[in-house]
Amino acid sequence: MAPTARPHDRRGLETKLLLARHARDRSPQDRERLAARYEPLARSLAMRFIHTSEPFDDLLQVARLALLKAIDRFDPERGTAFTSLAVPTITGELRRHLRDHSWPIHVPRELQELTQRLGVATAKLVSRLGRQPTTAELADELGTDMETVLEARSVARAHSPDSLDRPLTDEDEGGVVGDLVPSGRDAIGEAENRAVAQRYLARLPHRNRAVLLLRYHEDLKQREIGELLGISQMHVSRLIRQSLDMLRGIAAEEDGVPRPVPG
């Protein structure tokens, strides 16, 4: 007497037959049945990105649409499992959605992707080490350098900008963040100055730019910067002086003023 197929095996065989029939007939009914059958896979992959600022319902919708795309593209004659196509298709669509829709200002694509990996790597290291990881540990985990990690941390703030309506203090009459924003021609001049400063900073090496951002944008002390970068406070001080000298040289070049020749 032949052994009876287990329910799991029978369901797997039915799914394979359903995939093959849909690839041949393109039946809307079969497509809907396959989408319902693989719904848990789409939901599970969407859950991987729940740490982002996007609502889970939006992520799930993207995952479901990507699942339909995978169902339509699947060719059983290639001899590969459906999940080997569905998983990268859904994950890729989710990452593309986050990259294109969840950043309110323009951030380079490579930094967007690194920022997403940074959150996952931080959680992993916290679980492993039982504490917040250092910049050096994060850089090692991500296979990059400390300056790039610091830059990714800085641009991550663009993902969730502060509200102009946020109160400055707990008091009713304390004002809001918007009160600090200059208006009229002052705002235009301030914006122009920021644009020029960013252009100059972009020409600095990674470490010099990171040190200046930490000192003057993040308002960290030299000792704190040294701990983050794993260097001495004296080294930080030298880097700051060097970076400021480089900025002066860049500004002089752009203004057409000859740079002094070192003696």
Side-chain angles (χ1 to χ4, degrees), residues 99 103-119 121-122 125 132-164 166 168 177-178 180-182 185-263:
R99 186 176 65 227
W103 292 83
I105 65 173
H106 175 71
V107 173
R109 179 175 299 180
E110 60 272 16
L111 280 177
Q112 293 182 22
E113 294 173 349
L114 181 61
T115 301
Q116 294 174 16
R117 292 171 51 211
L118 184 62
T122 301
L125 286 173
Q132 285 293 325
T134 65
T135 304
E137 289 166 340
L138 280 168
D140 186 59
E141 180 73 19
L142 293 167
T144 186
D145 53 71
M146 290 189 292
E147 290 78 13
T148 304
V149 171
L150 290 170
E151 196 169 4
R153 278 177 169 171
S154 179
V155 302
R157 294 179 179 84
H159 203 283
S160 301
D162 204 357
S163 170
L164 295 177
R166 179 178 65 80
L168 289 170
V177 171
L180 301 178
V181 179
R185 296 206 56 82
D186 288 342
I188 296 174
E190 186 69 21
E192 290 175 348
N193 290 337
R194 283 199 301 269
V196 170
Q198 294 216 355
R199 188 172 74 246
Y200 291 174
L201 283 171
R203 294 178 56 182
L204 294 179
H206 275 303
R207 173 164 287 200
N208 295 81
R209 184 164 65 247
V211 167
L212 288 185
L213 288 172
L214 288 170
R215 179 66 189 92
Y216 296 108
H217 182 68
E218 303 295 332
D219 199 27
L220 295 185
K221 295 180 174 61
Q222 292 184 12
R223 174 183 55 78
E224 295 170 325
I225 297 172
E227 291 174 356
L228 278 173
L229 298 180
I231 58 179
S232 68
Q233 182 174 338
M234 186 177 296
H235 192 180
V236 172
S237 179
R238 285 199 299 268
L239 280 172
I240 291 174
R241 288 198 304 271
Q242 178 192 61
S243 303
L244 292 174
D245 287 341
M246 293 170 72
L247 284 178
R248 293 188 192 100
I250 293 169
E253 285 179 358
E254 294 211 358
D255 290 339
V257 179
R259 295 184 63 180
V261 178

Just jot down the side chain to side chain donor-acceptor pair (under 3.5 Å) partners of S232, sequence neighbours excluded, or say none.
-> none

Out of curiosity, D145 CG to H206 NE2, how far, rounded to the nearest 0.5 Å?
-> 6.0 Å

Partner residues of E137 under the salt bridge (Lys or Arg N to Asp or Glu O under 4.0 Å) criterion, sequence neighbours left out = R131

pair I231-L239: side-chain heavy atoms closer than 4.5 Å = yes

So, for V149 and A139, which heavy atoms are closest and what is the spacing to 0.1 Å?
-> CG2-CA, 3.7 Å

Quick one: are T122 and Q132 in side-chain contact, heavy atoms under 4.5 Å?
-> yes

With sequence neighbours excluded, tell me which residues meet side chain to side chain donor-acceptor pair (under 3.5 Å) with R238.
-> none

Search all heavy atoms of V236 against all heavy atoms of Q222 and return the closest pair with its distance.
-> CG2-O, 3.9 Å

Give the C-alpha distance, both sets of side-chain angles, the deciding distance and a yes or no for side-chain contact (heavy atoms from CB on, under 4.5 Å) between L204 and I250.
-> CA-CA 9 Å; L204 294 179; I250 293 169; 4.1 Å; yes

How long is the gap from CZ on R248 to OG on S243, to the nearest 0.5 Å?
-> 10.5 Å

